[in-house]
Protein chains: 2
Amino acid sequence: MGDDTTEGGLPRAVAAAWGLLQTPQRGPARGLDHQRIAEAGVVIADRDGLAAVTMAAVARELGFTTMSLYRYVGSKDELLRLMQNAAVQIPDGLVLPASWPEGIRTWAEVVRRAYRARPWLMDLPRDQAAVLMPNTLRAAELGLATMDGLDLEDGEKIGIILLVSQHVMSLVELERSLAVEGGVSMTPEGLERLGTVVTAERFPRLAALISTGGFADPPPADPVGDDGEHGDDSEHGVGGAGGAGGAGGQDPADVEMEYTLGLDLITAGIDALIARRAAGPTASGSAGASGTG
Amino acid sequence: MGDDTTEGGLPRAVAAAWGLLQTPQRGPARGLDHQRIAEAGVVIADRDGLAAVTMAAVARELGFTTMSLYRYVGSKDELLRLMQNAAVQIPDGLVLPASWPEGIRTWAEVVRRAYRARPWLMDLPRDQAAVLMPNTLRAAELGLATMDGLDLEDGEKIGIILLVSQHVMSLVELERSLAVEGGVSMTPEGLERLGTVVTAERFPRLAALISTGGFADPPPADPVGDDGEHGDDSEHGVGGAGGAGGAGGQDPADVEMEYTLGLDLITAGIDALIARRAAGPTASGSAGASGTG
DNA sequence: ACCTGAACACCGTTCAAGT
DNA sequence: ACCTGAACACCGTTCAAGT
């Protein structure tokens, strides 16, 4: 309905990224193209944060005026989508290990590396348009390849790489928020103030975590625990550290533990699913975990 | 370092939400307070989307001028944080089922209901400040309660509710993007165009999904499959449908299947972790899945 | 065909001034 | 103490005009 979609219903940014748009340059062609514009945006985002990516800033980076950009990208939104594709770097000739759990771990590491290299990717919208971009599909293809021999349906495999990539992103986000890059943050005094209100009566489980310091300082040393970071770099809509989760244990080792834990749970879950399926070829639907409690 | 943090290092919005700020009204008090301001913001976001939440719009909703708001909230960012807390509704007297996997499923459903009721919550930053808000902590406390008797460390429990809430959010985001609310979208022709470039040679696994229509129309019927939606409601930074995942199978039933699958994998993973622990009380570190491939 | 200047309608935020 | 008017520096985007 909008104008950011081409005839076939493909989002314009998707068509552009795949080279499906008849490029407007036919004459001298000494001008711009969306590739160069997207790359300039990436440079700015890397250097000054996503909020600094302004039509004016991108144009200045390229030595053109702001309005010239509109010859090549329909809107800032389209630019951001092109940047997303340009910024995701997926290794090309990667050989996956033979064991599938190792394969999933390897793939998770690839995804993690991509997010770590460009944390602002996590502040971009991940909707259907983002999913159809070339580099996103390359990543998805690689993810599917890790489960090649397994007795899983396509939908299940997709669900799994969705779960894994979501998990990886959430922990990169968490580790980013803990990086003490330049902000003070909760002092013991602030924690105490919080403790007066997160009482053991109302929050029996969390109060313990807060009072025992599980919420604050890295083991001993450094009394200025962690950091909320919300500087001037990212606009909004992070997408990160747990819709309703807390962060218990705030040093990098704990983040690494939770990263590994999540992958272990997922692979163990797959293992159980496959085993159950191999044992009894019943229906196909979902079959909850056995239940121990 | 910024001014959006109180003495103890607590983000101002956190202190305000917990009532730790000496409220500025002492006189006639016929004016505003952050609670009313946040609620007005919620009303606007519910009605017109998050992008419509402008300082001017909020003030108008309340019958005041824009600038009066700055007496009560330090910045728009602070307002958004207060809105996040005000908008999350966690049921109060909820009794959890005895079986822990059922408990986790119940908790996931609570989280899902919260996101479904206010999808714009997913476009808000989820950083440390968000995590420390009263209603976020109430949700986390409830999540921890589902694992009360289990042989898991605190960090593990937190990792699990992080994983679950992230999964739930990602699927609500996916179902939102599929809701055909007012946009056309990829026609068969658009899919064909995409197929010319997502070739079987370069994307053997995905090409199949696209050509077999696994990417488009709900089983039979309705030839206009899905929707990318990126209207004028949400600003940016969704946080949703899979950093690198695709969406294979695009009708609501498939989304439901993936929702259930994810929870099943996680609970099965917990089951395996506990069982392994009960069997051999070895060290404590991570122990990968057995590996079947 | 491509680029530019000027202008528009909006942002969030500040500050001196009113009562 | 609280609210307001006027103003500032910035956005994304449009459009007529230049070459």
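Lettering of chains follows the sequences in order, A, B, ..., and the numbering in each one begins at 1.
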Could you state the atom-to-atom distance from [atom1] of [X] to [atom2] of [N] in whole Å?
{"X": "M67(A)", "N": "dA16(D)", "atom1": "CE", "atom2": "C1'", "answer": "12 Å"}
{"X": "D33(B)", "N": "dA1(D)", "atom1": "CG", "atom2": "P", "answer": "18 Å"}
{"X": "L69(A)", "N": "dT14(D)", "atom1": "CG", "atom2": "P", "answer": "13 Å"}
{"X": "H34(A)", "N": "dC2(C)", "atom1": "NE2", "atom2": "P", "answer": "13 Å"}
{"X": "D77(B)", "N": "dT13(C)", "atom1": "CG", "atom2": "P", "answer": "8 Å"}

Set of salt bridge (charged side-chain N to carboxylate O under 4.0 Å, His left out) partners for R138(B), sequence neighbours left out: D92(B)
R202(B): partners by salt bridge (charged side-chain N to carboxylate O under 4.0 Å, His left out), with sequence neighbours left out: none
Listed partners of Q35(B) passing side chain to side chain donor-acceptor pair (under 3.5 Å), at least two apart: E39(B)
S177(B) side chain to D127(A) backbone, donor-acceptor under 3.5 Å: no
Heavy-atom pair with the smallest gap, counting every atom of V14(A) and M133(A): CA-SD, 3.8 Å
Step-by-step side-chain hydrogen bond (donor to acceptor under 3.5 Å, both in side chains) determination, R193(A) to T6(B): CA-CA 11 Å; R193(A) 286 219 296 157; T6(B) 63; 2.8 Å; yes
Contact under 4.0 Å: Y72(A) side-chain N or O vs dC3(C) OP1/OP2: yes
Phosphate-side-chain proximity, T65(A) and dT4(C), N/O vs OP1/OP2 below 4.0 Å: yes
Q166(B) and H167(A): CA distance, side-chain angles, deciding distance, side-chain contact (heavy atoms from CB on, under 4.5 Å) verdict: CA-CA 7 Å; Q166(B) 203 67 32; H167(A) 169 67; over 6 Å; no
From CZ (R81(B)) to CG (L132(B)), nearest 0.5 Å: 10.0 Å
Rounded distance (nearest 0.5 Å) linking atom CZ of F64(A) with atom CG of L69(A): 9.0 Å
Audit row: Y72(B), L21(B), side-chain contact (heavy atoms from CB on, under 4.5 Å) steps and yes/no: CA-CA 11 Å; Y72(B) 304 91; L21(B) 246 41; over 6 Å; no
Any protein N or O atoms within reach of nucleotides 10-12 of chain C? Criterion: under 3.5 Å, listing atom names and distances.
unit_1, atom_1, unit_2, atom_2, d
dC11(C), O5', T54(B), OG1, 3.2
dG12(C), OP1, T54(B), OG1, 3.3
dG12(C), OP1, K76(B), NZ, 3.0
dG12(C), OP2, T54(B), OG1, 3.0
dG12(C), OP2, M55(B), N, 3.2

Validation row: Q128(B), L174(A) side chains within 4.5 angstrom (heavy atoms): no
Stem segments of DNA chain D by first residue number [Watson-Crick or G-U, under 3.5 Å, at least 3]: C:4-8 with D:12-16, C:12-16 with D:4-8
Find every protein N or O atom lying less than 3.5 Å from an N or O atom of nucleotides 17-19 of chain D, and list the pairs.
none

